[in-house]
Number of protein chains: 2
Amino acid sequence: MSAEEILSKRLAAWSAMGFDAERCPVRNVLDRIGDKWPTLILIVLAAGPKRFSALGRAVPDISKRMLTQTLRDLERDGLLTRKVFPTKPPSVEYSLTALGRSALEPMAALVEWAERRHPEIEAARARFDRDAEAA
Amino acid sequence: MSAEEILSKRLAAWSAMGFDAERCPVRNVLDRIGDKWPTLILIVLAAGPKRFSALGRAVPDISKRMLTQTLRDLERDGLLTRKVFPTKPPSVEYSLTALGRSALEPMAALVEWAERRHPEIEAARARFDRDAEAA
DNA sequence: ATAGAGCAGTCTCTAAATGAGACCAATCAT
DNA sequence: ATGATTGGTCTCATTTAGAGACTGCTCTAT
């Protein structure tokens, strides 16, 4: 099945369910993993488990607030686990679950696409901006 | 190369460039196509060209404001083209470019993942919420 | 002829999400 | 004693998204 067919089929299916965002996997699931921070966190954890502040260092421009929230969301979705070690001060380790690891494959495909097409997209943007300025 | 390797490699590369969001393809490109509305618009256009209000009807809960903005962004990125026909009232047709169509494949992979894993994710959420309530 | 609807948007106002950064208690190194 | 690190929470300001009125033009139905 071609990509067009798959996507059009999905669209039809969820049009049939009245576009209920609660029940539609695309909105429900991709809203989360398509997002900026969740994506980055999953990529960082692809290399192995990391602790809270190590994640913060690995993604320097995320705020602690967003880091906490993103980790909670991903934990709730079962994509990663949170293990607290009763050291002092406590250390908390985050690691991908099997489900989380299974997300890496489609994500890698998307990242590769982004890399490969980045120059074209940059060129398109430059063209668009130049044309807009000319008008 | 495994998904882990690909992603870790990308992470390292862009860590080396100081996490500059401007130059990093992942942030730069995926911020757009990973997002909710752009994804949905591209999926709708996968079936063929559509006009502005047809797109609005196909994605009923997008506001005109967001629809306009999303279409402009995608046009700027070279993923779709906007053709104005000088009818009265003017009709405007949006269609995917080759670049836009090339995005469908990785997107379809992600959508298929989302569909396949949706039940697991739902179950994980239910478990998480139950445990949180118990505590 | 005239009211209503559709076209492709723009504009404004409000509501929600995000980011920046102070603060917490405990512990270790200097 | 000072400062740093641990994993967060909390508040406040900024940014972003959403709801919906409004535009000018045309076609249709009454």
| message | Under 4.0 Å, heavy atoms only, any strand: does S53(B) hit a base, just the sugar-phosphate, or nothing? | response | sugar-phosphate
Would you tabulate the nitrogen or oxygen pairs shorter than 3.5 Å linking the protein to nucleotides 24-30 of chain C?
none

| request: Would you mind checking if R125(A) and E122(A) are paired as a salt bridge, meaning a charged N to carboxylate O distance below 4.0 Å? | output: yes
| Axial bend angle, the helix from dA1(C)-dT30(D) to dT30(C)-dA1(D): five-pair end segments, nearest 10° | 10°
| said: Base, sugar-phosphate or nothing for F85(A)? Non-hydrogen atoms, less than 4.0 Å. | reply: nothing
| message | Can you measure I41(A) atom CD1 to dG7(D) atom P for me and round it to whole angstrom units? | response | 13 Å
| request: Salt-bridge test for D35(A) and K36(B): reply yes if a basic N is under 4.0 Å from a carboxylate O, no otherwise. | output: no
| said: If you define the side chain from C-beta out and look only at heavy atoms, does anything of V59(A) sit under 4.5 Å from D61(A)? | reply: yes
| query | Does the side chain of S95(B) come under 3.5 Å of the side chain of T81(B) through a donor N or O and an acceptor N or O? | reply | yes
| field | Beyond-backbone contact of D77(A) with L99(A), side-chain heavy atoms, under 4.5 angstrom | value | no
| task | Measure the distance from NZ on K50(A) to C1' on dG7(D) and round it to the nearest whole Å. | result | 17 Å
| field | Flag if over 12 foreign heavy atoms under 6.0 Å of CD, E105(B) | value | no
| message | Quick check: do Y94(A) and I41(A) have side-chain heavy atoms less than 4.5 Å from each other? | response | no
| field | Closest listed nucleotide, where the reference is the side chain of R57(B) and the choices are dG8(D), dT6(D), dC7(C) | value | dC7(C)
| task | Take R130(A) and E133(A) through the salt bridge (Lys or Arg N to Asp or Glu O under 4.0 Å) test and state the conclusion after the steps. | result | CA-CA 5 Å; R130(A) 180 172 44 68; E133(A) 210 164 335; over 6 Å; no
| remark: K83(A) atom NZ is separated from dG7(D) atom P, nearest whole Å, by 15 Å
| request: Can you tell me the distance, in whole Å, between the CZ atom of F52(A) and the P atom of dG7(D)? | output: 7 Å
| message | Other residues, nucleotides and ligands only: do more than 12 of their heavy atoms fall within 6.0 Å of CD on E75(A)? | response | yes
Pairs: protein N or O with nucleotides 15-20 of chain D N or O, under 3.5 Å:
unit_1: dA17(D); atom_1: N7; unit_2: R65(B); atom_2: NH2; d: 3.3
unit_1: dG18(D); atom_1: OP2; unit_2: W37(B); atom_2: NE1; d: 2.9
unit_1: dG18(D); atom_1: N7; unit_2: R65(B); atom_2: NH1; d: 3.2

| said: Counting only side-chain nitrogens and oxygens, does S91(B) get under 4.0 Å of the OP1 or OP2 atom of dC7(C)? | reply: no
| Gap separating the CG atom of L104(A) from the CG atom of L96(A), nearest 0.5 angstrom | 5.5 Å
| field | R82(A) side-chain N/O to dG7(D) phosphate OP1/OP2 under 4.0 Å | value | no
| note | L67(A) CG to dG21(C) C1', in whole Å, measures 15 Å
| query | Looking at R51(A), does any N or O in its side chain come under 4.0 Å of the phosphate oxygens OP1/OP2 on dT6(D)? | reply | no
| Does a side-chain N-to-carboxylate-O contact under 4.0 Å join E115(B) and R10(A)? | yes
